[in-house]
Structures are given as structure tokens and as C-alpha cells.
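Reviewing the structure listed below.
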Amino acid sequence: MKRITFFIVLLMVISCSSNVKFIQTDDNYELRAKPESAEIVITPNKLNLPHNPIGIIEVTLDKRARKLEFTRLMTEKAREIGADAVMMVKYDVDKDVYIDRYAKVVGKGPWRHRVFRTKRRVKVNKIATGIAVVFE
């Protein structure tokens, strides 16, 4: 029974795993984690406060993912690398797959797409990207 439970939990962890990448653009910045209590600002706009961009955070999840999941993963990654905020966050779908594989997309907004397949089933991902910054 314990083995079955272990394998079920292992499969859930593997299937729920995400792809969170950080691409560092400032070579002089030293990565250092922030404490759990530190507040991380996530915004779709450009910040008016003085800041230094340190890189880009990209989160890729499957098509069933919600904005809340993206925001949580982006916040965790920002805390891990020591960023104070993530600005200009954009949520989108993998457009190459949609353009290449689907005839028409019906729905309003990138989070409510209903897709009619014209070719074989392919994996479609949702992507969130943002610029990680530290305040001066």
C-alpha cells in the first residue's frame, strides 16, 4: 500500500511540475534569496520607482493553468533570486503552436480560448514573462 501511495504522489509531482526560468541580463548582480516575509511586487506596468533590471522570469505551464498559479510561481522565483519586483508581466499562450496547428480560436482573452483542432493533438502551453528588478 505504501508503494502504491508513493508512486501516486510521485506521478502527481512529476505531472504538476512547471518550467520556471530566470535569464540573468545583469552580470554584476549576485543572486541572493529574500526572506519569506519580503513582499514582491508583481505588476503588468512599468515601475515608476528607481530600479535596476536584473533579468527575465519566464513561467511555462499547461493550457489549464490560471493566472494565480503563474503569479505564485513568479513570486517564488523572484524571492529565490532576490528581486524586489517583477514588472511588465504578460500572460500569453504559445502562439507558434496556435498559428501552426489550429484553424480558428474562439473566445475572449488568452485565458478563455476554445480551440477547434484541424490537425493532430499537440501540447499547448501558457506562458508568463516579466522583468525582474531590484530597487535602488
Side-chain angles (χ1 to χ4, degrees):
M1 187 66 177
K2 288 182 181 180
R3 283 187 173 174
I4 293 172
T5 307
F6 172 74
F7 285 116
I8 291 172
V9 170
L10 182 63
L11 286 173
M12 287 176 58
V13 168
I14 291 171
S15 65
C16 296
S17 65
S18 65
N19 187 10
V20 182
K21 292 190 284 185
F22 172 66
I23 303 160
Q24 188 169 350
T25 56
D26 183 0
D27 294 332
N28 296 328
Y29 179 74
E30 294 180 25
L31 302 177
R32 54 186 166 269
K34 289 206 171 286
E36 284 293 318
S37 61
E39 184 179 341
I40 308 294
V41 177
I42 307 287
T43 180
N45 304 318
K46 188 172 181 178
L47 293 169
N48 292 329
L49 300 170
H51 60 272
N52 290 325
I54 58 171
I56 298 169
I57 297 177
E58 181 180 280
V59 181
T60 305
L61 295 171
D62 71 349
K63 66 182 176 184
R64 292 179 195 91
R66 302 284 180 233
K67 280 188 180 181
L68 186 61
E69 295 173 62
F70 284 100
T71 304
R72 181 183 59 79
L73 290 170
M74 198 169 279
T75 303
E76 287 175 8
K77 189 63 170 181
R79 186 172 282 119
E80 179 186 312
I81 62 172
D84 294 316
V86 182
M87 67 177 190
M88 299 174 68
V89 176
K90 297 208 184 296
Y91 302 93
D92 209 349
V93 292
D94 189 348
K95 289 183 180 171
D96 293 335
V97 172
Y98 269 65
I99 290 169
D100 290 344
R101 302 286 180 187
Y102 296 103
K104 69 177 154 173
V105 177
V106 180
K108 295 181 180 176
W111 298 96
R112 295 190 183 115
H113 283 293
R114 294 172 190 246
V115 180
F116 294 99
R117 266 194 316 276
T118 59
K119 297 185 181 178
R120 64 181 173 79
R121 183 180 294 266
V122 293
K123 183 177 179 182
V124 177
N125 291 323
K126 288 185 178 179
I127 301 169
T129 55
I131 300 172
V133 299
V134 291
F135 296 136
E136 294 179 351

*Is there a side-chain contact between D84 and K34, using heavy atoms and a 4.5 Å cut-off?*
yes

*Do you know which two heavy atoms are closest between D62 and N125, and how far apart they sit?*
CA-OD1, 3.9 Å

*Between I81 and V86, is there a shared hydrophobic cluster once you connect ILVMFWY residues whose side-chain heavy atoms come closer than 4.5 Å?*
yes

*Please collect all side-chain hydrogen bond (donor to acceptor under 3.5 Å, both in side chains) contacts where either partner lies in residues 40-54, sequence neighbours excluded, each pair once.*
none

*asked:* Checking E80 against K77 for the salt bridge (charged side-chain N to carboxylate O under 4.0 Å, His left out) test, could you report, in this order, the C-alpha distance in whole Å, the side-chain angles of both residues, the deciding distance, and whether it holds?
replied: CA-CA 5 Å; E80 179 186 312; K77 189 63 170 181; 3.1 Å; yes

*State, to 0.1 Å, how close F70 and V59 come at their nearest heavy-atom pair, and which atoms those are.*
CE2-O, 3.4 Å

*Say whether V134 and L31 are linked into one hydrophobic cluster, either directly or through other cluster members, by side-chain heavy-atom distances under 4.5 angstrom.*
yes

*Enter the distance from I127:CD1 to D92:CG here, rounded to the nearest 0.5 Å.*
7.0 Å

*side chain to side chain contact (heavy atoms under 4.5 Å, CB included) with P35: which residues, sequence neighbours excluded?*
S37, A38

*Sorted by first residue and then second, give each side-chain hydrogen bond (donor to acceptor under 3.5 Å, both in side chains) pair with at least one member in residues 24-33; sequence neighbours left out.*
none

_Closest non-hydrogen atom pair, I40 against A83_ = CD1-O, 3.2 Å

*To the nearest 0.5 Å, how far apart are CE in M88 and OG1 in T129?*
9.5 Å

*Take atom CD of E136 as the centre, draw a 6.0 Å sphere, and report whether it contains more than 12 heavy atoms from other residues, nucleotides or ligands.*
yes

*Is any side-chain N of the basic residue among R79 and E76 closer than 4.0 Å to the acidic one's carboxylate O?*
no

*How long is the span from the CD1 atom in I42 to the CZ atom in R72, to the nearest 0.5 Å?*
12.5 Å

*Smallest separation among heavy atoms of L47 and A85, with atom names*: CD1-CB, 3.7 Å

*Is it possible for you to say whether M87 and L49 belong to one hydrophobic cluster, with membership spreading through side-chain heavy-atom contacts below 4.5 Å?*
yes

*Shortest non-hydrogen contact from F22 to G55?*
CE1-CA, 3.7 Å

_Do M74 and V20 land in one hydrophobic cluster if side-chain heavy atoms of ILVMFWY residues count as linked below 4.5 Å?_
yes

*asked:* Hydrophobic cluster membership, with links at side-chain heavy-atom distances under 4.5 Å among I/L/V/M/F/W/Y: are I54 and L73 in one?
replied: yes

